[in-house]
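Down below is the structure, laid out as structure tokens.
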Amino acid sequence: MTPTGSGGGDPAAWDVARPRRPGRVAGADMAGFGVPGRLAGGLRVVPHPAVMLVLEVGACRAVVDDGAGRRHRGSVVAGPWGSQVECVQVRLSPVVARAVLGVSPVDVAGGMAVLDDLWGRDAARVREQLGEASSWEERFALTDALLARRCDVRSSVDPEVARAWDRIVACRGLVRIGALAEELGWSRKRLWSRFHAQIGMPPKRAAQLVRFDHAAHRLVAGEGAARVASEGGYFDQSHLHRDVMAFTGLTPATVAGEPFLTIDDTAWPAPERTPNRGPVSRPGQFPAGGGGFTATPLKNV
């Protein structure tokens, strides 16, 4: 994200809004962002286990650089922001992403696409409607209606694929793919093929991404890398270091200070917890802290 202007470098000064009511589409969550000025050097969006849909508000036009060095303008889909930038960001579980977007996440070349290319004139109409709205709640209501309308006319993923995704999320990525296939009554080859085609990456890569996401948020919370590695399913601290570098190109210490992650708990509150059971997620949802669903890191977004 590369807005123009000044004063937007401190995430504490951002306007971050949350809907007052849950949306109608399970597996879709949203937040509103207002950035008051320029972000020096841009803002790096760290990969997360969700498809990120960014809907611009009104006439503001964002410039986004993807992981392959391509530059995009306008509302985008990251697969996973002018003087003042305002947008509604939607986090889509990959289980419902195809129904909302009209294409599979795997069809979003390079992990990112401009929404105009996917929705045509509808993308411009959405941008105008959001710009005419007088409050964040009105913008959230418009976005929720859009998501529900698109889901009504499109199919989602196979039930077995949805179950596989939910299992990966529930286990925080610590699941054996062979055992998962057996649990579903599928062969490993069939699970790999269906999951990759409908979710956008192979199940093993999805498990690595979910595990990384959990580890990244523990690092941001101030936990030491050694503890995060030992409790997060990594062989050792160097294994965690390699995984973080593979997804972000950054060291664990640098990821822990990323501005985009420091506001995560404000924009995307953690799910409620029950004693000795950890986070509770509804079917088809992703863990707290979701964002750009992509196997390649996004940079300078």
Side-chain angles (χ1 to χ4, degrees), residues 26-27 46-51 79-80 91-99 103-108 111 155-219 225-248 252 271 274 276-297:
V46 176
H48 295 289
V51 173
R91 287 177 172 174
L92 297 170
S93 163
V95 171
V96 300
R98 184 171 66 169
V103 297
S104 170
V106 76
D107 294 325
V108 180
S155 62
S156 190
V157 303
D158 292 338
E160 293 85 355
V161 172
R163 284 173 54 195
W165 172 259
D166 289 340
R167 188 83 170 95
I168 290 171
V169 170
C171 295
R172 294 174 174 169
L174 305 182
V175 59
R176 293 185 179 277
I177 304 307
L180 180 58
E182 184 176 349
E183 182 180 322
L184 296 172
W186 280 4
S187 66
R188 285 178 61 102
K189 182 177 180 180
R190 185 178 186 186
L191 174 59
W192 189 97
S193 176
R194 295 288 184 89
F195 195 99
H196 189 206
Q198 297 179 22
I199 298 298
M201 60 172 59
K204 183 177 180 180
R205 184 64 168 172
Q208 291 172 336
L209 180 58
V210 170
R211 181 181 63 183
F212 157 79
D213 177 69
H214 183 64
H217 282 81
R218 292 185 65 176
L219 292 170
R227 180 178 179 181
V228 172
S230 65
E231 296 179 359
Y234 295 93
F235 295 121
D236 51 30
Q237 191 170 337
S238 63
H239 183 199
L240 170 64
H241 184 97
R242 291 194 302 272
D243 219 33
V244 172
M245 286 291 295
F247 277 111
T248 68
T274 54
N276 302 320
R277 291 188 62 186
V280 177
S281 297
R282 289 180 290 169
Q285 284 197 318
F286 45 85
F293 180 78
T294 173
T296 55

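As a basis for the values below, the full set of heavy atoms in this structure was taken, side chains included, without hydrogen atoms, waters or symmetry mates.
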Testing the basics here: between [X] and [Y], what is the closest heavy-atom pair and its distance to 0.1 Å?
| X | Y | answer |
| --- | --- | --- |
| L240 | A225 | CD2-O, 3.5 Å |
| L209 | P49 | CD2-CA, 3.8 Å |
| A26 | V96 | O-CG1, 3.4 Å |
| T248 | P47 | CG2-CD, 4.1 Å |
| L174 | G233 | CD2-CA, 3.7 Å |
| A162 | V95 | CB-CG1, 3.9 Å |

Student check: side-chain heavy atoms of P203 and W165 closer than 4.5 Å: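 Result no, sub-4.5 Å side-chain heavy-atom pair not found.
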
query: Quick one: does R211's side chain get under 4.5 Å of Y234's, heavy atoms only?
result: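 Yes, their side chains come closer than 4.5 Å.
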
- request: Enumerate the residue pairs fulfilling side chain to side chain donor-acceptor pair (under 3.5 Å) with a member in residues 188-203, sequence neighbours excluded, ordered by first and then second residue.
  value: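 Matches after skipping sequence neighbours: D158-R194, D158-Q198.
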
query: Could you walk me through whether E183 and R167 pass the side-chain contact (heavy atoms from CB on, under 4.5 Å) check?
result: CA-CA 10 Å; E183 182 180 322; R167 188 83 170 95; 3.1 Å; yes

Using the test side-chain contact (heavy atoms from CB on, under 4.5 Å), find all partners of [X] that sit at least two apart in sequence or belong to another chain.
| X | result |
| --- | --- |
| E182 | none |
| E231 | R218, R227 |
| A164 | L180, L184, L191, F195 |
| H241 | M245, T251, P252 |

- prompt: Is a side-chain donor or acceptor of H217 paired with a backbone partner of D213 at a separation under 3.5 angstrom?
  reply: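 A pair under 3.5 Å: yes.
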
- prompt: Can V161 and W186 be said to form a side-chain contact (heavy atoms from CB on, under 4.5 Å), step by step?
  reply: CA-CA 10 Å; V161 172; W186 280 4; 4.1 Å; yes

